[in-house]
A.B. asks: 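Mind looking over this structure? Questions follow.
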Amino acid sequence: MPLKRPLALPPLFLLLLLPLLLSAVLSISPQPLLVSKALAAAKRAENNAQPAEAAQALRQVAALQPWRTDLLERIGHLEMEAGNFEAAIAAFETAGERSSLAVEARLELGESYRLAGDQNSALQIWMRLAGEENPPAEAFQRLADLQRARGELEAATITCRAWQAAYPDDPLAVYLLGLMLTVQSPAEALMILRDAAAKDESVQVEANVLMTVLLPLAENPENAEAWLELGRSLAKLRDWDLASLAFQQAVQRDPHYAEAWAFWGEARSQLGRDGLEQFQRAYALNPDSALTRAFMALYWRRRGDMDRALLHIRAATQIEPEQAAWQLEMGDILVHSGDIQSALAHYLKAAELEPDDPFYWRMLARFCVVQDIQIRSVGLPAARRVLAASPQDAAALGLMGWVLLNLEDYASAERFLQQALRQDAEHAPTHLHLGQLYLQLSAADDAYHHLKRAAELAGQDVATGMMAERLLERYFGVENR
């Protein structure tokens, strides 16, 4: 019988290493696993459009890896996106204490302060950025925008001059400098806007509109009518702060200019101020002016006094019965008064008075859908008139789809709405109506996608954003999705 080989003993050095290896294994940190889990959770939350949850997950990583200032900047961005501006500020500030903030993070820190209501801190941050070597153009733009919002036109003009000096080939910098100067130095504004229009097509349309009305002012700055026309052009561009100053210049040059007083009152109203004094002055100067009457009607409608509003708009329609704008305003006031049937007659008359203007047909079609009145007999033909005028326009295609959706012609509605998105993939109302369509068809995933996009893209279209958010809450539960 063969002898058994004796058991091999581990070498002495292995025996000596065993306690060390065991100690090393036992001391291995679970951090890498926790970090990977938290990063994965953050990514999932971002993919599901849950910025606050993503920020919370990244905070776990930042606690384990405190040297990662990039994570703190990312947390600040996510908290901004979630609307948690104080939390965003705290994240950015902490990152800045540990290391120099990236330019984009400093821009966002300023924006967080602005949105949190601390305009002075926002101004300081953007002013420091704008004063540095190789400053970002966006710092100048944000600074000028905030200065304008605060009514600091001279400061905003200085900022735009510095922006234009730093970026002489930036058409936006040149255009905005010219825009600021329209109500301060029309002749200089005219020269600068010519330069802006020559630099880039993107600002040509706006620059050309202003240059046309600046010409007479450059020749005669005392021309009250020219100041009024400048104000109207600025109002069409939605630059109501500058428009208000232009209308004020008009009444200073001609205190008896009723229409200028009326437009000044409207500009003040658009800026959230009370324009009643200006409206009353206009009415006292010329009670037989349809324009002053219409502005008085608009003022009282906004304040919910429909009796006074109707009194003035009826007078406007009697003075100028062929003016479609007064008919439309009459219809709108009647809607607020609850007289939908009478309102329809005025919406129809407005469209008939301007048969070649798709705006009035669009308003008629929208009225029929929103008020659920004669959609097939009136709303559908009106939508067809709009589409015939602009067959490739996303808004026109979307309007037709919306009308068909309310007529329960879902196949045709989907076709037009999808065509609208092919023309403009970021048209918020079309996404809203597609979301509503897919809810009707029980296509939950498609409905959720389009409603979410509508809420994200709505911007100043408050009605679209609110409706999308309401449907998301009702059918999906925002916190559960």
Side-chain angles (χ1 to χ4, degrees), residues 80 85 89 92 96 100-200 202-204 206-207 209-211 214 217-218 230-231 233-235 237-246 248-249 267 270-273 460:
M80 258 195 74
F85 306 122
I89 291 168
F92 285 130
S100 297
L101 281 178
V103 168
E104 184 60 35
R106 292 170 70 187
L107 287 168
E108 290 193 331
L109 173 58
E111 186 66 8
S112 298
Y113 271 118
R114 185 188 73 82
L115 293 169
D118 188 350
Q119 294 184 352
N120 290 332
S121 293
L123 283 172
Q124 290 173 11
I125 289 167
W126 292 333
M127 287 179 75
R128 282 198 296 269
L129 265 174
E132 293 178 357
E133 188 177 355
N134 300 320
E138 194 172 347
F140 291 109
Q141 184 174 357
R142 294 193 185 201
L143 181 57
D145 286 345
L146 182 52
Q147 288 167 331
R148 273 185 73 183
R150 289 159 61 99
E152 300 167 359
L153 184 59
E154 289 185 11
T157 305
I158 292 170
T159 297
C160 286
R161 287 193 190 278
W163 182 8
Q164 191 265 343
Y167 292 89
D169 295 324
D170 186 337
L172 183 59
V174 181
Y175 169 76
L176 288 178
L177 176 57
L179 178 67
M180 301 288 180
L181 290 168
T182 55
V183 294
Q184 301 175 82
S185 177
E188 185 183 1
L190 181 60
M191 179 179 64
I192 291 173
L193 288 169
R194 280 176 180 156
D195 184 31
K199 284 183 182 296
D200 199 286
S202 64
V203 297
Q204 277 183 358
E206 293 86 349
V209 167
L210 293 172
M211 284 190 290
L214 282 169
L217 271 179
L230 173 61
S233 295
L234 288 165
L237 295 174
R238 312 304 296 174
D239 290 303
W240 285 104
D241 57 332
L242 302 177
S244 179
L245 292 171
Q248 187 176 4
Q249 294 279 359
Q270 291 287 341
L271 294 169
R273 302 168 193 161
Q460 294 184 345

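Just the heavy atoms: all of them, side chains too, but no hydrogens, waters or symmetry mates, feed the values below. Position 1 is the first residue of the sequence; numbering continues from there. Nothing here was measured: the structure is a model prediction, and the numbers come from that model.
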A.B. asks: Are side-chain heavy atoms of Asp239 and Arg148 found at a separation under 4.5 Å?
C.D. replies: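 Side chain of Asp239 against side chain of Arg148, heavy atoms only: contact under 4.5 Å found.
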
A.B. asks: Mind listing the closest non-hydrogen atom pair of Ala207 and Tyr175 along with its distance?
C.D. replies: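 Closest heavy-atom pair between Ala207 and Tyr175: N-CE1, 3.9 Å.
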
A.B. asks: Leu179 and Thr182: which non-hydrogen atoms are nearest, and at how many Å?
C.D. replies: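 Leu179 and Thr182 have their closest heavy atoms at O-OG1, 2.7 Å.
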
A.B. asks: Write down the atom of Pro186, the atom of Ala218, and the distance for their closest heavy-atom approach.
C.D. replies: CB-N, 4.3 Å

A.B. asks: State, with a plain yes or no, whether a side-chain heavy atom of Val183 is found less than 4.5 Å away from one of Leu153.
C.D. replies: yes

A.B. asks: Within this structure, what is the CE-CG distance for the pair Met180 and Leu177, rounded to the nearest 0.5 Å?
C.D. replies: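 That separation rounds to 8.5 Å.
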
A.B. asks: Please report the closest heavy-atom contact between Leu146 and Trp126, naming both atoms and the distance.
C.D. replies: CD2-CZ3, 3.8 Å

A.B. asks: Using a 3.5 Å cut-off and no angle test, enumerate the donor-acceptor pairs between side-chain atoms of residues 188-195 and protein atoms at least two apart in sequence or in another chain.
C.D. replies:
{"unit_1": "Glu188", "atom_1": "OE1", "unit_2": "Arg161", "atom_2": "NH2", "d": "3.4"}
{"unit_1": "Glu188", "atom_1": "OE2", "unit_2": "Arg161", "atom_2": "NH1", "d": "3.1"}
{"unit_1": "Glu188", "atom_1": "OE2", "unit_2": "Arg161", "atom_2": "NH2", "d": "3.1"}

A.B. asks: Would you say Gln147 and Leu123 make side-chain contact, with heavy atoms under 4.5 Å?
C.D. replies: yes

A.B. asks: Using 0.5 Å steps for rounding, measure from the CD atom of Gln164 to the SG atom of Cys160.
C.D. replies: 9.5 Å

A.B. asks: Measure the acute angle between the ring planes of Trp163 and Phe140, then classify it against the limits of 30° and 60° as parallel, tilted or perpendicular.
C.D. replies: parallel

A.B. asks: How long is the span from the CG atom in Leu181 to the CG atom in Leu176, to the nearest 0.5 Å?
C.D. replies: 11.0 Å

A.B. asks: How close do Ala196 and Pro171 get, heavy atom to heavy atom, and via which atoms?
C.D. replies: CB-O, 4.3 Å

A.B. asks: With sequence neighbours excluded, what pairs up with Pro136 under the side chain to side chain contact (heavy atoms under 4.5 Å, CB included) test?
C.D. replies: Val103, Leu129, Ala139

A.B. asks: Quick one: OG on Ser233 to CG on Leu214, what's the gap to the nearest 0.5 Å?
C.D. replies: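 The distance works out to 8.5 Å.
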
A.B. asks: Sequence neighbours left out, cut at 3.5 Å: what donor-acceptor pairs do the side chains of residues 104-111 make with other protein atoms?
C.D. replies:
{"unit_1": "Arg106", "atom_1": "NH1", "unit_2": "Glu132", "atom_2": "OE1", "d": "3.3"}
{"unit_1": "Arg106", "atom_1": "NH1", "unit_2": "Glu132", "atom_2": "OE2", "d": "3.1"}
{"unit_1": "Arg106", "atom_1": "NH2", "unit_2": "Glu132", "atom_2": "OE2", "d": "2.6"}
{"unit_1": "Glu108", "atom_1": "OE1", "unit_2": "His77", "atom_2": "ND1", "d": "3.3"}
{"unit_1": "Glu108", "atom_1": "OE2", "unit_2": "His77", "atom_2": "ND1", "d": "2.8"}
{"unit_1": "Glu111", "atom_1": "OE1", "unit_2": "Arg114", "atom_2": "NE", "d": "3.3"}
{"unit_1": "Glu111", "atom_1": "OE2", "unit_2": "Arg114", "atom_2": "NE", "d": "3.2"}
{"unit_1": "Glu111", "atom_1": "OE2", "unit_2": "Arg114", "atom_2": "NH2", "d": "2.7"}

A.B. asks: For Val174 and Asp170, what are the C-alpha separation, side-chain angles and deciding distance, and is it a side chain to side chain contact (heavy atoms under 4.5 Å, CB included)?
C.D. replies: CA-CA 7 Å; Val174 181; Asp170 186 337; 5.9 Å; no

